[in-house]
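Each remark here refers to the structure printed beneath this line.
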Amino acid sequence: MTTDKAGLDAGLAAELDAAVAGLTERVVARLSALVAAASTLGREAEAQALMADAYAGLGLAVDRFEVDPVALADTPGFSPPVHDHYAGRDNVVGVHTPRGTAARGQGGGRSLILNGHIDVVPPGPAELWASPPFVASVRDGRLYGRGSADMKAGLVANITVLEALSALGFAPAAPVILQSVIEEECTGNGALACLARGYRADAAIIPEPFQQSLMTAQLGVMWMGVRLTGKPAHVLDTSAGANAIEAAYALFSRLKRLEAAWNAPAARHPAWADHRHPVNFNLGRIAGGDWASTVPCEAVMTVRVGFYPGTSLAGVRDALQAAVTGAVAEDAGLAGIRAEVTWRGFQAEGCIVDPDSELMAGLADVHRSVTGTEPARLASTATTDVRFFALYGGMPATCYGPVGGNLHGIDEWVSLDSLMEVARVLTRFTAAWCGLERR
Ligand SMILES: [Zn+2]
């Protein structure tokens with residue numbers, strides 16, 4: 001009998017792979033149904049009902065609960081909400097408790113959280129999509145649709161782990177917690193609420209669509225709102241007014257100086273030393289003005305800012321506020337403009353993942369044995385819910401998920417072959433990490 005480093009004998013590994021492969025049609029059907037349940041911010045309920053049904057169908061104890069922003073407000077990692085309520089927008093958790101009677105596999109006995117987020121970002125103009133964004137369309141081995149890669153495929157992979165084990169008459173010999181959380185794309189308060197509810201494990205994996213790499217680090221992310229007010233005037237003499245919309249662009253170009261400074265080689269965190277452009281500032285939303293023939297008096301802009309681990313949130317806010325204050329004082333494009341800054345949405349610290357944890361070593365081993373290749377390591381320039389497990393929960397955590405493309409763009413897709421491979425990796429990993437018992 002040969003045993004790989006991940007602790008599975010070759011016969012069992014082959015059985016697990018075959019069980020996952022036997023679920024391919026179910027995986028595609030489940031992912032298609034989840035894509036069709038359009039779960040943009042505030043509209044997560046239909047998709048979460050599907051997740052709760054799936055967890056119940058696996059025999060898990062299903063725990064549905066709302067995020068309580070008042071109770072969480074002073075919890076490290078909390079971000080001020082951008083949506084006006086949490087009612088009817090449950091997190092869904094499914095808990096497997098082992099019977100503890102059957103023999104464990106080699107190693108094993110360690111508990112595991114498999115997390116994913118149900119929320120998706122808006123699809124943009126539907127007419128730009130080759131097929132409607134909330135109708136799954138399979139073409140050339142790719143499943144297209146908003147949220148297909150980011151990250152309903154990952155949620156389906158997590159389900160498939162327990163489904164494949166079950167098809168062979170197995171269950172994990174340690175607790176396994178499946179989580180489907182809200183608001184990964186704007187606050188992370190869904191994952192934070194799971195942590196606050198007491199969910200802990202010996203490791204956590206999030207199958208974000210990071211091309212089957214192992215995530216080693218992620219940037220911090222902050223959203224800054226700025227309300228600019230100027231002076232309205234008749235357009236017969238625009239110079240009599242102060243144009244708040246034009247001022248927003250002037251302000252953003254000043255903020256880009258900070259982005260350039262943080263990307264300078266000397267300013268970088270070593271995890272991104274070789275990256276082309278790790279820190280990205282994005283003027284993501286702007287609204288303003290009320291009449292084409294009036295100089296606009298008001299504009300509201302929201303800027304997304306990236307920053308390095310080890311930089312405090314207060315330090316980032318101070319730097320941004322100083323940049324705004326400096327721009328208003330000095331920049332001709334902001335003459336006569338007032339700027340009020342607000343902090344809603346992501347106030348997310350950066351995070352370094354322990355590269356030497358048993359989680360990272362075990363996942364790398366399984367990836368090697370399934371694919372025959374060394375897994376890439378990824379220092380992400382975005383944030384993920386990994387920060388809650390790693391920074392605030394004291395748990396080893398990383399992302400390992402399928403190949404996909406056009407995330408947050410038009411014609412988002414996930415590779416179905418890669419998704420099935422991720423399901424094989426996660427199933428083998430779970431068998432080795434938790435051990436197996438007879439159902
Ligand atoms: Zn995601």
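Below, all heavy atoms of this structure are taken into account, side chains as well, without hydrogens, waters or symmetry copies. Predicted, not measured: the structure shown is a model, and the values here were computed from it. Order of appearance sets the numbers: ligands from 1, and atoms from 1 within every ligand. Nothing fancy with the numbering, it's 1 onward along the sequence.
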*Quick one: does S148's side chain have a donor or acceptor within less than 3.5 Å of a partner on Y144's backbone?*
no

*Could I get the full list of side chain to side chain contact (heavy atoms under 4.5 Å, CB included) partners for A382, not counting sequence neighbours?*
R304, S380

*Who pairs with T325 by side chain to side chain donor-acceptor pair (under 3.5 Å), at least two apart in sequence or on another chain?*
Q321

*Of all N/O/S atoms in H117, which lies nearest to the Zn ion (ligand 1)?*
NE2

_Contact check: E208 to the Zn ion (ligand 1), N/O/S below 2.8 Å_ = yes

*Can you say whether the rings of W272 and Y308 are parallel (under 30°), tilted (30 to 60°) or perpendicular (over 60°)?*
tilted

*Below 2.8 Å, any N, O or S contact between D150 and the Zn ion (ligand 1)?*
yes

